[in-house]
Every structure is written in structure tokens, then in C-alpha cells.
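Worksheet for the structure shown next.
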Amino acid sequence: MHPYRTHTCGELRATDVGTTARLSGWVHRKRDHGHLLFLDLRDHYGLTQCVVDASSPSFAAASALRLETVVTMSGTVVARGADAVNPRLPTGEIELAVDSLEVQSVAEPLPLQVNSEADFPEDTRLRYRFLDLRREHVHRKLVLRSQVIASIRRRMIAAGFTEFQTPILTSSSPEGARDYLVPSRVHPGKFYALPQAPQQFKQLLMVAGFDRYFQIAPCFRDEDGRADRSPGEFYQLDFEMSFVTQEDVWAALEPVIHGVFAEFRPDAAITPPPFPRITYDDAMAKYGTDKPDLRNPLVITDVTDVFRGSGFTVFASAIEQGAIVRGLRVPGAAAQPRSFFDKLNQWARDQGAPGLGYVTLAEGAARGPIAKFVDAPRLARLREITGAADGDAVFFVADKRAAADKLAGKARVKLGEELDLLEKNAYRFCWIVDFPMYERDEETGKIDFSHNPFSMPQGGLEALEHQDPLTIKAYQYDIVCNGVELSSGAIRNHRPDIMYKAFGIAGYRREDVEARFGGMLNAFKYGAPPHGGSAPGIDRIVMLLAGETNIREVIAFPMNQQAQDLLMQAPGEVPPERLRELHIKLDLPPEPPKTG
RNA sequence: GGGCUCGUGGUGCAGCCUGGUUAGCACACUGGACUGUCAAUCCAGAGGUCGCGGGUUCAAGUCCCGUCGAGCCCGCCA
């Protein structure tokens, strides 16, 4: 007999009754009746109830087993009595009558209950991640992650993509985030950078003629974490295609994304391809964000006309100064108590806004604090623009366009959540397209790239030479699901002449461009195919499929928000001789005074 | 760098608003009882610098100030 097991803990069935079996696993739970002991043995595959009674020579040893001890149990598979069958377990019709047991590894008392679904503090979970990952619901999410990645890989290969690996130790890249740097021992004072994305490599692979590239690519960015953004590192489905328009890229990705979501969430409603395309400008106007959650039925409108020249001087004079007024119609909200509107107003103030105006509609009239300024013609106009009817409420935000969009967008999210308006069990996708090529830095007034500097400007060289840069769009697009940005992508700029010009507008001299991106620029001088791609975030896809809002839930060994690995104690100090070898001298900030 | 929330035996929570008996409950742990449980049950026990420092007070887990740590958010992340 195998020293550890003849079956897994999820395998034995009624048809195995009478056979001899050996199982190995963790002691999941014990039910000790004194002269009869039930013991649930758990492994990756499932749970099997093992029984030991007082007559067994193993009885004392079995009674003494602590939870999570690893043990091998041998015995006979026996049928459970009709009233003892556990229908919740696949192995619930049988149990293992234990003849002998062998302890493989003893467990100390646990800092974290493995057989509990209770919430534990995240630092405890991360410090004892190996225990946390034993817990069924956490374990399952990591298995899901593996299956999702396998499915994506299968679908990409079937679609004619070729998988590549690209360097991890590379040079600093043009993405906007801070790089992780790795000092060179051989080249004093020089550093490798970990790739923020394999951006230039995948473009070089297109120049190399591979036509369709993909990679489940690790990406490293030294930026602060968020619930949906793991600090340090994450994975992208990075892909790139030659001789394509942006429509071709969308058409290539949509069946992969839709297929994966349909495969793992057959219960959910999923946007069928082709996904809606929403221009950046429309998204900002209608949803107040470039990553709209389309499960939310609320839509923002422009009601500046309703208040222009009205008696409500707060809005009217703001409009004179160039402000706009955004309206948010909320069906049925007129029935909410006054406290509801007061709370929202306070919320808006907490967001740094002067407040959130509103009217409610009933019996053909407007009500509320500012209703007296909305006369009959203005009310008619409001109804016309927003579609509001009796029983609805309309909220107002007056500010400069960008600020008004932002707050109206936040209010849309807030109201959608508070009033439980979001479509349930649904994945709603869209493409946000036609991003601006450039934007003006509010502080410096300088014109800079608003997204990827390697994107092709719409209109090409012609547009760069003759158009106001701030009006130029790029062939740049994001895919968004349920308010989560899954990726951005672009048709790339493969023409050195257009690239010099594009960088020139953002203030880079020809020499700067050559110094920083010489490798790729040089490649483009020897015959580069037009190409484009995208790179959806794997962690975010799995997070959405798992129904989680925290990305660390689908990463086996995540760092905390301070970019520390509590299990492996990273980052850590290194011995002085290693620093000398790397030609590094530390220049540390002064120690803060110790107070406790 | 900033804002908000949280910090109480190994673990999860209550107690704090409104200061006052031995800091309570559950899980885990130790011992005992129990032959059909499946979150087994019952009895007993051990286990606490109430994050840390300072202040107010006759008295602080509770109120105030500071500080450290964690989470969420802003900045940042094309």
C-alpha cells in the first residue's frame, strides 16, 4: 500500500464500501464522544469523516490530535447508517473506520482558525498566509485564478496568438509610475529596472514579425496600493497584434473576455460582444468618470440651460463665470425623507463641494429648497432634458466642467449604491474610446501625454502639425467592467517621424527621445508593421469573477498597503558586504524620535 | 505626504457615547464526562502591559493630547 494514500479525501463513495483505504490530510475538525471519535480529514480535494472507537489501539493517539495536524489514516471504508448520511459532503455516504494512524507533522495551537469562515484581520492573514490559504473559500479563489489563467491561455492560443517571455531585468521604461530598480554589481552606479509592462518588448516582437503576441506578464510599479491595486506587482494579459485597426483589437479581445466570464460565471448576465463603445467625452459627461459602472442605471445630463439667468444666483452667477450644471435624475427618489437629502448634502461637503442641490417632483411641480427658483418653463426644460417625472428627484452639481463631472460621477455611484439600483449578478462591459492625446498639467500649465506616449494620434502627423494639441484624440482605449478599469490599450505609433513630433509637443527634444527610447525607435527605422494591442489585468479579472472587491483576495502572497510581505519579511535589510559589492552607500532619513 | 475608521487573552468580538464591583462572550488551548456526531454536547481550568506615551480625575479599557500600527480613500498609478 502507498505510504501516504490510496485515495484523496474527496474521493471515496458508497461503491468503495468494504475496501481498505489509506488517507492523508489535515485534521479539520474533531467530534469527541469519549468512547467514539469522529474526525474530519481534509486535503485539497475534500473532506472524509474518519471514525475511531475506544476498542481501537489508535484511539488514544487519535483523541490527542490537535487541529491542523497532518496525519495518515488507514482502515476500512464503511457505509454510514441511513440517518447518519451527510448530504452536504460528496463523501457523506461513507466513513473510514480507522485501524491505524501515523502522525506526519504536529500542529501547534493556531493563530488563525482554518475551519472557520470568520473574518480575520488582514495582517494576521498575511503573516500566516499558508494557514489562510488552507481555508476553503480562500483556497477556492486561488484555484479559480489558476483555472482562469489556463482558460485565457487556451483561448489566446486558439485565436492564433504566440506566447513569449520578456526580460524581468530591463531598463527604465516610459510608463508614468516609479520604477523598481535593481543595482548592477558589474556596472557600478547603474541599475536595471523591473518592467512596468513589457510595452517596448511586445512592440519589438511585432517589428520582429511574430504578428500576434501574448503573455501572462508580471508588471512592477512602485506605487501605493488600493483595494483594487496591489502595490508592487501584478499580472496582465499582455497582447499585441500587427496590421490591425482598433476595431480588430476589440474584436480579438471581446470573445476571450466574454468567453472567460461566461465559462466561470454561467449564472451571471454578461454583456454580449460587441461591447458598447463610449467616447471618453461622452463617458465623462454621462457618467462623470472614464470607468463607468454600467450596472448603474443613472445617467448624468447637462442642465446648465435650466439655471442660466435664473433667480438661483448661486448657480446663475457660477454659470456666468463659465461653470456648468450637471443634473442627475433619480427615479422614485422623491419619496425619500428629508434626512436622506440632508445626508447627501453633507456627503457632498465632505467631498469638498459646496453642497448638492436637488428638487423633487410631485403633482406636476418641483419641491425642495431651490424649487422656488425653477419656474414652469424651467421645470418643463428640466423634465425634457433629464426625463424626470413626478416621483423622481433631480440632483444638481454646479462647477467648472471637470469638477462638476467628477462630483456628479461620485454622486451617481453613491446614489446607485444607497438606493440599491445596481443590476445584480451582472458583468457589464464597455470600451472607452477616443482618449485625448494630450492634457494640460493644472499646476505647471505644461502640455503632457494624457496616456501612453506611444499611442498613434488620430489624424497622424497632419493633426500634430495643424491642430490644437488639446483637441487631438489618440487611438487609445480602455476596457471597463462594472466600474473597474481592466486595461488600457492603443494602436501604437510605429512612425519615427510622427513620434518625434508627438514627443516634441510634450516638450521632449529629439535627443531626449533617442536617449530614452532609442532601442525601439531604432527598430522602427527598419520596417515596422502598424500594430496595436491591450493588456487586461489578470488579478482584476479574477477579482471580478470571484465576486471580491479586494484584489489581495485573489493573490496567493500579496503585500500589504505599505508594500511589505509580512510572511517573508520583505523588504529586508542586507549585509554591508552585499551593499559594498553593489557599490551602494546608504543615506537614510533620520530616525524619528522614539516615544514608545 | 494628507483625511477617515479601527487597535481589548492565541483568534474574532462586546464593554467606551454616559469614567466606578473580579474587563464579558464565542472559537482555539488544557483537564474531566459522554458510542453516531458532522459548527457534537456538558462541566471545569489556564490564558489580558485593554497598541504605546502623556494628561484630566479620588478613580481611565472608557474622556483629552500625542504617537505607532493596520485598513479604506485622496495624492500617485500612461
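Note that the structure is a prediction, hence the values are computed from the model and not measured.
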What nucleic acid atoms does Asp222(A) come within less than 4.0 Å of, heavy atoms only: base, sugar-phosphate, or nothing? nothing
Would you classify Arg226(A) as touching base, sugar-phosphate or nothing, given that sugar-phosphate means primed atoms plus P, OP1 and OP2, and contacts are heavy atoms under 4.0 Å? base
Could a donor-acceptor pair under 3.5 angstrom be found where the side chain of Arg229(A) meets the base of rC77(B)? yes
Let's test this: given Watson-Crick or G-U wobble pairing with both distances under 3.5 Å, identify the partner of [N].
N: rC16(B); result: none
N: rU21(B); result: none
N: rU57(B); result: none
N: rA28(B); result: none
N: rG66(B); result: rC52(B)

When the distance from CH2 of Trp347(A) to P of rC72(B) is rounded to whole Å, what number comes out? 20 Å
Comparing nearest nucleotides in RNA chain B, the 5'-proximal residue of the pair Ala227(A), Val85(A) is Val85(A)
Under-4.0 Å side-chain N/O to phosphate OP1/OP2 contact, Asn550(A) with rC72(B): yes
Within the structure, does a side-chain N or O atom of Arg221(A) lie under 4.0 Å from either OP1 or OP2 of rA78(B)? yes
For Asp405(A), is there an ion pair with Arg412(A) - N to carboxylate O distance below 4.0 angstrom? no
Those residues of residues 31-43 of chain A lying under 4.0 Å from RNA chain B by at least one heavy atom: Arg31(A), Asp32(A), His33(A), Gly34(A), His35(A), Leu36(A), Phe38(A)
